Undergrad: 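So that we are looking at the same thing, I have put the structure below in structure tokens.
Computed from a predicted model, the values in this text were never measured in an experiment.
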Amino acid sequence: MVTRIVPWVSGAVYGIVLLAGLYPVFAGLGPANAARLAGFVAGIGALFVLEAVERRVARTPVAFLAGRLVLFFAVAALDESGLSRVLFVLVPFAAYLTFGRAAGLVLGGLCLVLLVGGFAVWVPGWYTDTSYVSDVLMFTVGLVLALAMADVAVRERRAASRVAELSAEAERNRLARDIHDSLGHHLTAVSIQLEKVAAFADRDPGVAGQALADARRSVGHALEDVRTSVGTLRGGGRSLSAALTELGVALDVHGEEPALDPATVTTLYRAAQEAVTNARRHGGAAQVRVSVTFGAVTSLVVTDDGRGFDTGAPRSGFGLLSLRERTALVGGTVTVDSEPGTGTRVTVTVP
């Protein structure tokens with residue numbers, strides 16, 4: 001990716017050089033060579049045109065840099081005030097942005113050498129004149145500042161690129177959590193119901209039929225959940241209470257639900273979904289209850305009567321890790337209380 005000079009920077013420098021070149025004429029400081037003055041103004045105009053064309057063309061940065069250099073030399077030769085040499089400060093600046101640090105430093109040094117060499121050829125003993133020494137020092141300061149600005153611009157571009165990469169990675173992780181939390185929950189429910197169908201197909205067709213109907217209902221909930229997720233991404237979505245009722249477990253709601261943002265609703269819903277799935281899949285729970293309390297903070301508690309587990313023991317899978325990552329993104333916390341044989345209590349608190 002090529003980074004070019006910010007349009008206003010080059011435009012501002014060209015405008016300043018133009019005013020500096022025309023100032024002696026407007027101030028009546030002496031007669032001016034009409035031909036040289038016209039050429040000087042035409043050269044500045046050509047620079048403005050070159051900048052406008054470059055902004056519309058995404059290729060050949062070398063050609064534009066070369067064209068800019070030619071015009072700089074032409075303008076400097078036609079400018080009787082000698083102030084247009086400041087244009088050459090833009091050369092290492094543009095080279096740094098377009099081709100990298102090495103090119104910027106080399107061209108910056110070359111511009112300084114050309115300036116000093118020009119003085120040595122056309123102004124013998126220039127180093128004894130404080131005005132020429134001041135010009136060299138100011139030009140050097142300008143080069144340093146230009147290169148520093150270019151370095152900042154390049155670093156900012158790299159930082160923006162890194163942010164984009166991190167955002168893409170975060171989005172991939174979010175999609176992975178959604179797949180695990182949503183589809184994992186529904187597929188677990190369907191799997192349980194289908195196992196029930198297989199177990200009772202011969203012994204009790206009525207129970208098997210109900211289990212099959214429940215499996216179909218879970219599939220419908222999965223499709224609705226996908227639509228809800230898409231709606232949330234687009235700025236729509238349901239209330240948390242309405243979403244939790246679809247989990248098919250006992251639900252207690254305390255307080256009046258405020259206008260929660262979609263990210264918080266999705267986080268709490270996925271947390272409840274993950275806890276319910278774990279209770280059924282791993283805990284063998286017969287009863288699962290979800291309780292949500294609205295207030296200064298929103299607290300979601302999922303309890304079950306399953307077999308429980310040792311919270312300090314290493315665990316495989318991404319359930320709890322996904323739950324904690326998702327909750328941390330909205331500034332919330334997750335607490336899991338469980339012991340073997342005592343069931344599990346999952347508490348999610350979001351400000």
Side-chain angles (χ1 to χ4, degrees), residues 4-51 62 64-154:
R4 295 189 174 90
I5 300 177
V6 180
W8 70 263
V9 173
S10 55
V13 173
Y14 298 158
I16 293 171
V17 170
L18 179 62
L19 291 176
L22 294 177
Y23 177 76
V25 177
F26 294 138
L29 300 180
N33 185 311
R36 293 187 65 176
L37 183 63
F40 168 75
V41 173
I44 295 295
L47 285 170
F48 277 109
V49 172
L50 183 67
E51 295 296 328
V62 176
F64 283 104
L65 183 60
R68 191 180 288 114
L69 265 174
V70 170
L71 289 173
F72 286 174
F73 278 110
V75 169
L78 294 169
D79 180 20
E80 295 181 337
S81 71
L83 298 176
S84 58
R85 66 174 67 98
V86 71
L87 291 171
F88 289 93
V89 170
L90 294 176
V91 174
F93 185 44
Y96 197 123
L97 293 177
T98 307
F99 304 108
R101 175 182 297 178
L105 293 175
V106 169
L107 285 180
L110 181 60
C111 287
L112 184 59
V113 169
L114 288 175
L115 177 64
V116 174
F119 283 165
V121 172
W122 286 293
V123 188
W126 66 271
Y127 46 84
T128 62
D129 189 327
T130 56
S131 63
Y132 287 106
V133 174
S134 176
D135 285 346
V136 172
L137 291 177
M138 293 304 296
F139 187 79
T140 304
V141 170
L143 288 176
V144 172
L145 292 177
L147 291 171
M149 289 175 59
D151 185 67
V152 170
V154 170

Undergrad: Output the distance between atom SG (Cys111) and atom CG (Leu90), rounded to the nearest 0.5 Å.
TA: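 If we round to the nearest 0.5 Å, Cys111:SG and Leu90:CG are 10.0 Å apart.
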Undergrad: To the nearest 0.5 Å, what is the distance between CG on Leu18 and OH on Tyr23?
TA: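 OH of Tyr23 is found 15.0 Å from CG of Leu18.
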Undergrad: Determine, for Asp79 against Arg85, whether the closest basic-nitrogen to carboxylate-oxygen distance falls under 4.0 angstrom.
TA: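 A salt bridge is absent here (no side-chain N lies under 4.0 Å from a carboxylate O).
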Undergrad: Mind checking whether Val17 and Phe40 have side chains closer than 4.5 Å, heavy atoms only?
TA: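 Touching, per the 4.5 Å side-chain cut-off.
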Undergrad: Do Leu107 and Phe99 have side-chain heavy atoms sitting under 4.5 Å apart?
TA: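 No, every pair of side-chain atoms sits at 4.5 Å or beyond.
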Undergrad: Output the distance between atom CG (Leu112) and atom OG1 (Thr140), rounded to the nearest 0.5 Å.
TA: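 If I round to the nearest 0.5 Å, the distance is 4.5 Å.
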Undergrad: Can you tell me which residue among Phe139, Tyr127, Trp126 is in a ring pair (Phe, Tyr, Trp, His ring centres under 6.0 Å) with Phe119?
TA: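 The option that passes is Trp126.
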Undergrad: Taking atom CZ as the centre, does Arg101 end up with more than 12 heavy-atom neighbours from other residues, nucleotides or ligands that are less than 6.0 angstrom away?
TA: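 No, CZ of Arg101 has 12 or fewer neighbouring heavy atoms, counting only those of other groups under 6.0 Å.
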Undergrad: State, with a plain yes or no, whether a side-chain heavy atom of Val136 is found less than 4.5 Å away from one of Tyr132.
TA: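 A side-chain contact under 4.5 Å is absent here.
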Undergrad: Do Val41 and Leu22 come close enough that some side-chain heavy atom pair is under 4.5 Å?
TA: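 They are in contact (side-chain heavy atoms under 4.5 Å apart), so the answer is yes.
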Undergrad: Classify the angle between the aromatic ring planes of Phe48 and Tyr14 as parallel (below 30°), tilted (30 to 60°) or perpendicular (above 60°).
TA: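 Phe48 vs Tyr14 ring planes: perpendicular.
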Undergrad: Below 4.5 Å, heavy atoms only, C-beta onward: do Pro92 and Leu143 meet side chain to side chain?
TA: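 When only atoms from C-beta onward are counted, Leu143 and Pro92 do touch, with a gap below 4.5 Å.
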Undergrad: If we only count heavy atoms from C-beta on, is the Phe88 to Phe73 side-chain gap below 4.5 Å?
TA: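 Side chain of Phe88 against side chain of Phe73, heavy atoms only: contact under 4.5 Å found.
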Undergrad: Just wondering, do Phe93 and Leu147 contact through their side chains at under 4.5 Å, heavy atoms?
TA: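 No, too far: nothing below the 4.5 Å cut-off.
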Undergrad: Any side-chain to backbone donor/acceptor pair from Thr128 onto Gly125? Under 3.5 Å, distance only.
TA: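 Yes, the answer is positive, given that a donor and an acceptor are paired below the 3.5 Å cut-off.
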Undergrad: Which heavy atom of Leu50 sits nearest a heavy atom of Gly67, and at what distance?
TA: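 Distance-wise, the nearest heavy atoms are CD2-C, 4.0 Å.
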Undergrad: Under a 4.5 Å cut-off applied to non-hydrogen side-chain atoms, are Leu87 and Leu47 in contact?
TA: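 Answer yes - side chains close enough.
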Undergrad: Rounded to the nearest 0.5 Å, how far does CG of Leu110 lie from CG of Leu115?
TA: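 Rounded to the nearest 0.5 Å, the CG-CG separation comes out at 11.5 Å.
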Undergrad: Is the backbone of Ala77 close enough, under 3.5 Å, to the side chain of Arg36 for a donor and an acceptor to pair up by distance?
TA: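 Judged by distance alone, yes, a pair lies under 3.5 Å.
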